[in-house]
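See structure below.
Both ligands and their constituent atoms are indexed starting at 1 by order of listing.
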Amino acid sequence: MTRDLAEPSDALLERAFLDEAVIEAGWRAPGAVAADGVALEADDTHASLRAMVRLLGERGVLALVLNAADGGRFDAVQWRAVCLARERLGHASPLLELAFAMQGLGSYAISQFGDADQRARWLPRVLSGEAVAGFALTEPGAGSDLAGLATTAERDGDDYVLRGRKVLISNAPIGDVFTLFAATAPAGERRRVSAFVVPGDAAGLERTSTPVLGGHPIGELRLDGVRVPATDRLGEEGDGMRVALGTLHRFRPTVGAAALGF
Ligand SMILES: Cc1cc2nc3c(=O)[nH]c(=O)nc-3n(C[C@H](O)[C@H](O)[C@H](O)COP(=O)(O)OP(=O)(O)OC[C@H]3O[C@@H](n4cnc5c(N)ncnc54)[C@H](O)[C@@H]3O)c2cc1C
């Protein structure tokens, strides 16, 4: 089935909760980028994705996933606009849609829970598309059941030392910055998980690519003594589950919107 998406359909416009600003930013602006994004599809999907992120940054589409205080389009992220953009971009190219969505998923915790330094260091580059973002939660023993999380972050002076393995991480092979979750307290304790900002080029971080259908850049992160300054922790020790679920709950409805576009 082909659909003409140049203009919002009557059905879309009849969704009374969508005002003109949301339709303009969430539907027409991503639509104007779609053809150029599709033209970037190539066999090397890692390079394609990086180029698509850059394109979405240059054309202002990534402003949808940040708050105005960090250069975003709306005072606070408008989830209706993110839903529209995921549907619109997903219809054009699943890879282009992924490029958009992961910039949001990977940076949302920094914008919501990060301090001024963390936000200033990463969010301008996420917004411009210069830095590719990722969200690293899942592990071999921790998917639906996050109680199985086994990656540890042990305090050592002003740093944490991270050890463990993350799997099924979108953008693992190419990401410049990850929101990453690790245990700062023993199993069984309450508030045992904390969130960290980890650069993709951190010493001790090994990234591998997992081949999947459709060229989705996804893979593993192995952390073997990765040193993260305590200043790169997001929120307080033990806030990790709140950060992770706060992010996932926000993005969950937008996954359905993307599926409408595919
Ligand atoms: C394309 C893709 C991209 C991804 N990108 C990321 C990413 O960027 N970052 C990240 O952190 N993770 C990512 N993931 C991982 C994803 O979040 C996990 O796959 C998800 O959390 C499920 O975990 P699991 O695969 O271990 O499945 P499991 O938790 O083992 O679940 C397997 C099945 O069992 C069912 N199940 C589980 N528990 C119960 C229960 N108690 N009762 C009944 N049924 C149950 C589930 O519904 C599912 O059908 C990605 C996954 C995919 C496929």
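- The protein atom (non-hydrogen) at minimum distance from atom 38 (N) of ligand 1 is S144 CB, 4.0 Å.
- There is a protein heavy atom less than 4.0 angstrom from atom 29 (O) of ligand 1.
- Between T210 and E220, the side chains place no donor N or O within less than 3.5 Å of an acceptor N or O (distance only, hydrogens not considered).
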Subject >> R163/L223 under side chain to side chain contact (heavy atoms under 4.5 Å, CB included): CA gap, chis, key distance, verdict >> reply: CA-CA 5 Å; R163 291 193 171 81; L223 301 111; 5.6 Å; no
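- Put simply, atom 7 (C) of ligand 1 has protein non-hydrogen atoms near it, under 4.0 Å away.
- With distances taken over non-hydrogen atoms, the option nearest atom 5 (N) of ligand 1 out of G175, A244, S170, P217 is S170.
- The shortest N/O to N/O separation between M102 and ligand 1 does not fall below 3.5 Å.
- Protein heavy atoms all stay at least 4.0 Å away from atom 35 (C) of ligand 1.
- R233 and Y160 form a side-chain donor-acceptor contact under 3.5 Å, judged by distance and modelled atom types alone.
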| Should F135 and F181 be marked as a ring-ring contact (aromatic ring centres under 6.0 Å, His included) after you check the CA-CA gap, both sets of side-chain angles, and the distance that decides it? | CA-CA 9 Å; F135 180 86; F181 300 86; 5.2 Å; yes
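- Taking the six-membered ring where the residue is Trp, the centroids of W79 and Y108 are separated by under 6.0 Å.
- For atom 47 (O) of ligand 1, the nearest protein heavy atom lies 4.0 Å or farther away.
- Open room surrounds CG on D158; 12 or fewer heavy atoms of other groups in view lie less than 6.0 Å from it.
- Of the protein's heavy atoms, H216 CE1, 3.8 Å lies nearest to atom 1 (C) of ligand 1.
- You'll find the ring centres of F178 and F196 outside the 6.0 Å limit.
- Taking both residues in full, the closest heavy atoms of A85 and L64 are given as CB-CD1, 3.7 Å, listed atom of the first, atom of the second, then distance.
- Of the protein's non-hydrogen atoms, the one nearest atom 24 (P) of ligand 1 is G143 CA, 4.0 Å.
- The shortest side-chain heavy-atom distance between L149 and V193 falls under the 4.5 Å cut-off.
- Of all the heavy atoms in A133 and Q103, the pair that sits closest is N-OE1, 2.9 Å.
- Put simply, atom 50 (C) of ligand 1 has protein non-hydrogen atoms near it, under 4.0 Å away.
- Distance screen at 4.0 Å: atom 53 (C) of ligand 1 has no protein heavy-atom neighbour inside the cut-off.
- Looking only at protein heavy atoms, the nearest one to atom 19 (O) of ligand 1 is L168 CD1, 3.7 Å.
- Heavy-atom contacts of I218 reach the following atoms of ligand 1: 2 (C), 3 (C), 4 (C) (cutoff under 4.0 Å).
- Using a 4.0 Å threshold on non-hydrogen atoms, atom 13 (C) of ligand 1 counts as touching the protein.
- The only option from R121, R125, R119 that meets the salt bridge (charged side-chain N to carboxylate O under 4.0 Å, His left out) definition with D70 turns out to be R119.
- Distance check for atom 43 (C) of ligand 1: every protein heavy atom is found at 4.0 Å or beyond.
- When hydrogens are left out, the protein atom nearest atom 17 (O) of ligand 1 is T138 OG1, 3.5 Å; that is the closest non-hydrogen contact.
- Those atoms of ligand 1 with a heavy atom of F135 less than 4.0 angstrom away are 7 (C), 8 (O), 9 (N), 10 (C), 11 (O).
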